[in-house]
Protein chains: 2
Amino acid sequence: MVEPKMSQPLSSSVGDYLKAVWGLAGPGVAAPKYLSSRLSVSSASVSEMLRRLQELGLVEYERYRGASLTEEGRAEALRLVRRHRLIETFLLEHLGYPWEEVHEEAERLEHAVSDNFTERVAQLLGHPDRDPHGAPIPGADGTLAREDSRPLSGASVGDRVRILRVGREDTPALTHLQDRGLVPGRVLRVEEVRGLDGVVTVEDEDGVSHALGGVLAASVLVRGL
Amino acid sequence: MVEPKMSQPLSSSVGDYLKAVWGLAGPGVAAPKYLSSRLSVSSASVSEMLRRLQELGLVEYERYRGASLTEEGRAEALRLVRRHRLIETFLLEHLGYPWEEVHEEAERLEHAVSDNFTERVAQLLGHPDRDPHGAPIPGADGTLAREDSRPLSGASVGDRVRILRVGREDTPALTHLQDRGLVPGRVLRVEEVRGLDGVVTVEDEDGVSHALGGVLAASVLVRGL
DNA sequence: ATCGTATTTTAGGCAAACCTAGAAAATTTT
DNA sequence: AAAATTTTCTAGGTTTGCCTAAAATACGAT
Ligand SMILES: [Mn+2]
Ligand SMILES: [Mn+2]
Ligand SMILES: [Mn+2]
Ligand SMILES: [Mn+2]
């Protein structure tokens, strides 16, 4: 149990740090270096913020090692992730945003909307369980569906798979995949997995072949058919 | 002409100050006292901010008198007002918010949404020209429709009028009016305008009478039928 | 015109987020 | 096991936005 401590609402910065810790590590420890590059902030800023987050009871922090979320920190991170993913879905389905642009807008809106807004959007959307990128949407109660997907980079030649999720959020990568129709729901057949450089070649439902570099292939999460 | 000066996006605080100056004064001068009470901020903070706004070229400021908007400041204020009013309309019509609750949520969201978001919402709503409180929505080009309404407090006994707009944004007042059906569009007959205390009594379309205090009556804007 | 009150400004502080430069610790390479 | 490199932390500084207390100015009333 954690002290209630009736805190004032947390800032956008605090929220983004918590999401970043959660995003990498789940229950594990996020290194300062990772947070620094992920949040585009100096390591000095990270050190300072981690000390403050510990002060606030949101992370456990050990100097020179990094930070992991407390129960309270995890709850706050999941609350933001829920907002983020519902907002993305809303932007796509109701405002006609292009698939690759929803993330950026959601990154700001997630800090400005109320719980009231969030739940009304959830209702409007019919309580979806995945966002436009295939990521599971945490429940209002903080539960998160288990993921049974595997990276395309680990598939074998001949596998027939369906894209379940795209684990990237930068616009260039999303645009690239979108242009080739490599989005959640698409069915692929694996033509080649090259050990040398990790390039994976797949054929889509229309018989078109696509070659993906190792890093990109690792972020395309699939499930066998 | 004002220097371009390619500024980074303005903060929420700056935006709310600009809206407050615009809200009172139009082209006139807003006194520090007014801004202080409207924004719930100390007069010291107001002095400081007005100096900065002048520095940024957003207001003209004369010590001990107050501030008025420059062209650039006015444009920014109108941009925010447009967002605010479109968001309110959206919250009411698409998310089912109660009439009296839309303002508060819009006050935060107006600072977080992009122009892209704003214009997509405008399109979704069919480019409305009034928000749920009857206030005109500025165009994307910064134009604002002329208002030909008069305060109910200035009406004469026997007048038949239609509510065009409610010029309040605090939830208690809005709830009070909403409960009595005194919202934009409603038609009323003026039964009494009491010189002594300014109380105005009106009869609505269902034959129900309502007495409004002078201040409240002044914020109900009507047009003769 | 002067007094008293109300308003506004100045002075001095504080907290949140960021930064750069340099010191310290950890890790990897030789 | 040193040395070299990388990572992290500390020190000190900046900007934004707020505050209280006290001084300066303006205004309204005698
Ligand atoms: Mn996203
Ligand atoms: Mn964010
Ligand atoms: Mn409003
Ligand atoms: Mn606002």
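So that the names make sense, note that chain A is the first sequence line, chain B the second, and so on, each numbered from 1. Computed from a prediction, not measured in an experiment: that's the story for all the values here.
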Which residue pairs pass the ring-ring contact (aromatic ring centres under 6.0 Å, His included) test with at least one member in residues 60-86 of chain A, sequence neighbours excluded?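 Passing the test, one end in residues 60-86 of chain A: A:H84-A:H103.
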So, OP1 or OP2 of [N]: does either fall under 4.0 Å of a side-chain N or O from [X]?
{"X": "B:Y61", "N": "C:dT9", "value": "yes"}
{"X": "A:S36", "N": "D:dT8", "value": "no"}
{"X": "B:Y34", "N": "C:dT8", "value": "no"}

Specify the separation, in whole Å, of atom [atom1] of [X] and atom [atom2] of [N].
{"X": "A:E62", "N": "C:dA25", "atom1": "CD", "atom2": "P", "answer": "14 Å"}
{"X": "A:L35", "N": "D:dT8", "atom1": "CG", "atom2": "C1'", "answer": "12 Å"}
{"X": "B:M49", "N": "C:dT9", "atom1": "CE", "atom2": "P", "answer": "14 Å"}
{"X": "B:R52", "N": "D:dT14", "atom1": "CZ", "atom2": "P", "answer": "17 Å"}
{"X": "B:L50", "N": "D:dT16", "atom1": "CG", "atom2": "C1'", "answer": "15 Å"}
{"X": "B:L53", "N": "D:dC18", "atom1": "CG", "atom2": "P", "answer": "11 Å"}
{"X": "A:L39", "N": "C:dC18", "atom1": "CG", "atom2": "C1'", "answer": "12 Å"}
{"X": "A:E55", "N": "C:dA17", "atom1": "CD", "atom2": "P", "answer": "14 Å"}

Counting heavy atoms from C-beta on, name the nucleotide in [options] closest to the side chain of [X].
{"X": "A:A44", "options": "C:dA16, C:dT10, D:dA11", "value": "D:dA11"}
{"X": "B:R63", "options": "C:dT9, C:dA17, C:dC18", "value": "C:dT9"}
{"X": "A:S45", "options": "C:dC19, D:dG17, D:dC9", "value": "C:dC19"}
{"X": "A:S47", "options": "D:dT10, D:dC18, C:dA17", "value": "D:dT10"}

Hey, does the side chain of B:R82 reach the backbone of B:P138 with a donor-acceptor pair shorter than 3.5 angstrom?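 Side chain of B:R82 to backbone of B:P138: a pair is present.
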Enumerate the protein-to-nucleotides 4-7 of chain D contacts in which both atoms are nitrogen or oxygen and the separation is below 3.5 Å.
residue: D:dT7; atom: OP1; partner: A:K33; partner atom: NZ; Å: 3.0

Once you apply a heavy-atom cut-off of 4.0 Å, does B:S42 come out as touching a base, just sugar-phosphate, or nothing? base
Regarding A:V46, tell me which of base, sugar-phosphate or nothing describes its non-hydrogen contacts under 4.0 Å with the strands shown. nothing
With sequence neighbours excluded, what pairs up with A:S37 under the side chain to side chain donor-acceptor pair (under 3.5 Å) test? none
Sequence neighbours left out, what passes ring-ring contact (aromatic ring centres under 6.0 Å, His included) with [X]? Give chain and number order.
{"X": "A:F90", "result": "A:H94, B:F90"}
{"X": "B:H111", "result": "none"}
{"X": "A:H210", "result": "none"}

So, under a plain 3.5 Å distance rule, would you say the side chain of A:E48 forms a donor-acceptor pair with the base of D:dC9? no
Could you check B:N116 against B:S114 for side-chain hydrogen bond (donor to acceptor under 3.5 Å, both in side chains), going step by step and ending with a plain yes or no? CA-CA 5 Å; B:N116 187 8; B:S114 65; 5.0 Å; no
Would you mind telling me which residue lines up with the more 5' stretch of DNA chain C, A:S11 or A:S43, judged by nearest nucleotide? A:S11
If every non-hydrogen atom of B:L50 is compared with every non-hydrogen atom of B:A67, which pair is closest and at what distance?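 Smallest interatomic distance, heavy atoms only, reads CD2-CB, 3.8 Å.
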